[in-house]
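Atoms within each ligand, like the ligands themselves, are counted from 1 in listed order.
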Amino acid sequence: MSYFPNINKIKYEGKDSKNMLAFRHYNPDEVINGKTMKEHMRFAVAYWHTLTNTGSDPFGAGVNIRDWQTEDPMQEARNKVEANFEMLEKLGVDYFCFHDLDIAPEGNSLEEFFKNIDEITDLIKEKMDKTGKKLLWNTANMFTNPRYVNGAGSSPNAHVFAYAAAQVKKGLDVAKKLGAENYVFWGGREGYETLLNTNMHLEQDNIARLFQMAVDYSKEIGYVIPFLIEPKPKEPSMHQYDFDAATAMAFLYKYNLQDHFKLNLEANHATLAGHTFQHEMRVARTFNALGSLDANHGELVVGWDTDEFPNDLMECTLAMYELIENGGIAPGGINFDSKVRRSSFEMEDLFIAHIAGMDTMARSFKAAAKLKEDGFFDKLVAERYESYSSGIGKDIVDGKANLKTLAEYALKNGEAKNKSSHIEYVKSVLNDYLV
Ligand code: XUL
Ligand code: CO
């Protein structure tokens with residue numbers, strides 16, 4: 001059974017191609033700095049946006065035409081597995097990511113949910129073994145079901161906490177069964193609606209307890225992989241505890257979880273936090289905690305989580321530069337946590353959008369590699385901080401200076417002189433790398 005009988009394996013045709021179903025910039029086999037583009041990018045398809053999303057929004061019904069939809073939820077789940085692997089194969093993408101709820105229906109009890117997960121993951125495993133496709137990460141959806149109205153690990157209701165723990169336990173069993181390379185926690189409703197009735201201290205302690213239990217269980221089952229926190233400032237909660245990269249790191253250090261967790265950073269979540277994707281990646285890098293990426297784009301004029309496929313070359317080039325500086329993204333990857341616009345409702349659009357996103361990321365990666373090769377930022381930064389490479393500056397960074405020696409220096413050497421950064425010129429030359 002094929003869901004995309006009219007689509008063949010997507011080929012690289014070069015930038016002048018007018019074929020919507022061809023790569024114009026992403027050539028998986030092109031070698032840059034000793035690795036193929038495919039190895040650098042480690043692209044992943046997000047199950048939820050690609051196979052589950054109906055295109056509904058708060059103002060209107062679903063619009064997406066999806067041939068795998070049917071009345072029987074288990075049959076639909078099986079169909080989605082077929083469609084997923086057909087897409088991965090035809091797109092030439094090696095990885096996928098899912099929430100438990102994306103792959104299997106909840107049924108009428110937790111027991112039934114787990115049984116459904118077992119059946120569907122058997123099927124997924126069979127397909128993975130046959131095709132060599134891999135699971136970049138999985139996660140538990142602890143935000144959709146009404147029981148999570150007040151959060152999961154942060155719920156004021158201990159019974160709900162237990163449910164969340166059960167889902168995480170199952171999630172880790174699934175990670176082991178399918179050889180997931182990471183396990184993600186996005187705290188959808190782990191935050192507060194209002195502080196008026198919130199015990200913030202207990203809620204944060206409890207989230208940390210849930211994380212620690214996950215670390216302990218992963219050791220117990222002998223399947224230790226990076227845990228990733230995905231920061232997001234708000235939406236659906238009014239305030240989320242994993243507000244941004246810096247906040248998430250402070251949390252990890254406070255609870256001594258930093259050795260087990262890294263960050264899964266999402267472009268649109270950065271935007272919502274009032275940051276850039278580059279900023280979030282830079283912060284993570286300063287902690288050596290850049291784990292994986294959710295690639296998408298937030299529409300600045302709209303102001304909510306629009307999850308567009310990446311299309312902004314400047315934003316993505318600066319992000320890819322951080323990735324290169326990080327020495328790559330493995331064992332993380334670039335997961336398209338992106339959804340087609342509501343008006344792009346045809347099945348084909350799923351391919352067209354992924355191709356566009358992959359082309360954007362590939363172009364950006366190439367521009368970033370060239371920036372690195374030319375030492376564009378390296379020179380700029382080295383020059384700017386030159387005063388720390390000798391004399392009094394070197395004493396400061398070597399820990400040989402103190403307030404007395406520095407006061408002596410300042411008194412003796414008169415007023416400090418600064419240099420212009422000519423940043424307008426820098427940005428103008430940077431533009432040259434994008435096109
Ligand atoms: C929501 C979001 C999630 C996570 C996984 O904004 O990004 O889909 O990526 O739970
Ligand atoms: Co995400």
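For atom 10 (O) of ligand 1, the closest heavy atom belonging to the protein is His99 NE2, 2.6 Å.
With a cut-off of 2.8 Å, the Co ion (ligand 2) has no N, O or S atom of Asp307 in range.
Close N/O approach between Trp137 and ligand 1 is not found [any backbone or side-chain N/O within under 3.5 Å]. Considering backbone and side-chain atoms together, Asp307 places no N or O closer than 3.5 Å to any N or O of ligand 1.
Between the side chains of Ser428 and Asn431, no donor-acceptor pair is found at a separation under 3.5 Å.
For Asp294, the N/O/S atom at the shortest distance from the Co ion (ligand 2) is named OD2. The N, O or S atom of Glu266 lying closest to the Co ion (ligand 2) is OE1. Looking at Asp337, its N, O or S atom nearest to the Co ion (ligand 2) turns out to be OD2.
In this structure, the side chain of Thr121 does not engage the main chain of Ile124 through any donor-acceptor pair within 3.5 Å.
Annotation: Phe365 is not in aromatic contact with His25 [ring centroid separation under 6.0 Å not met].
Considering each of Trp48, Tyr47, Phe98, Trp186, the one bringing a non-hydrogen atom nearest atom 8 (O) of ligand 1 is Trp48.
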Q) After noting the C-alpha distance and the side-chain angles of Lys133 and Asp94, does the key distance pass the salt bridge (charged side-chain N to carboxylate O under 4.0 Å, His left out) rule? A) CA-CA 5 Å; Lys133 300 298 176 194; Asp94 283 342; 3.6 Å; yes
Q.
I'd like to know whether Asp29 forms a salt bridge (charged side-chain N to carboxylate O under 4.0 Å, His left out) with Lys38, so could you lay out the CA-CA distance, the side-chain angles of the two residues, the decisive distance to 0.1 Å, and finally the verdict.
A. CA-CA 7 Å; Asp29 301 321; Lys38 195 178 172 134; over 6 Å; no
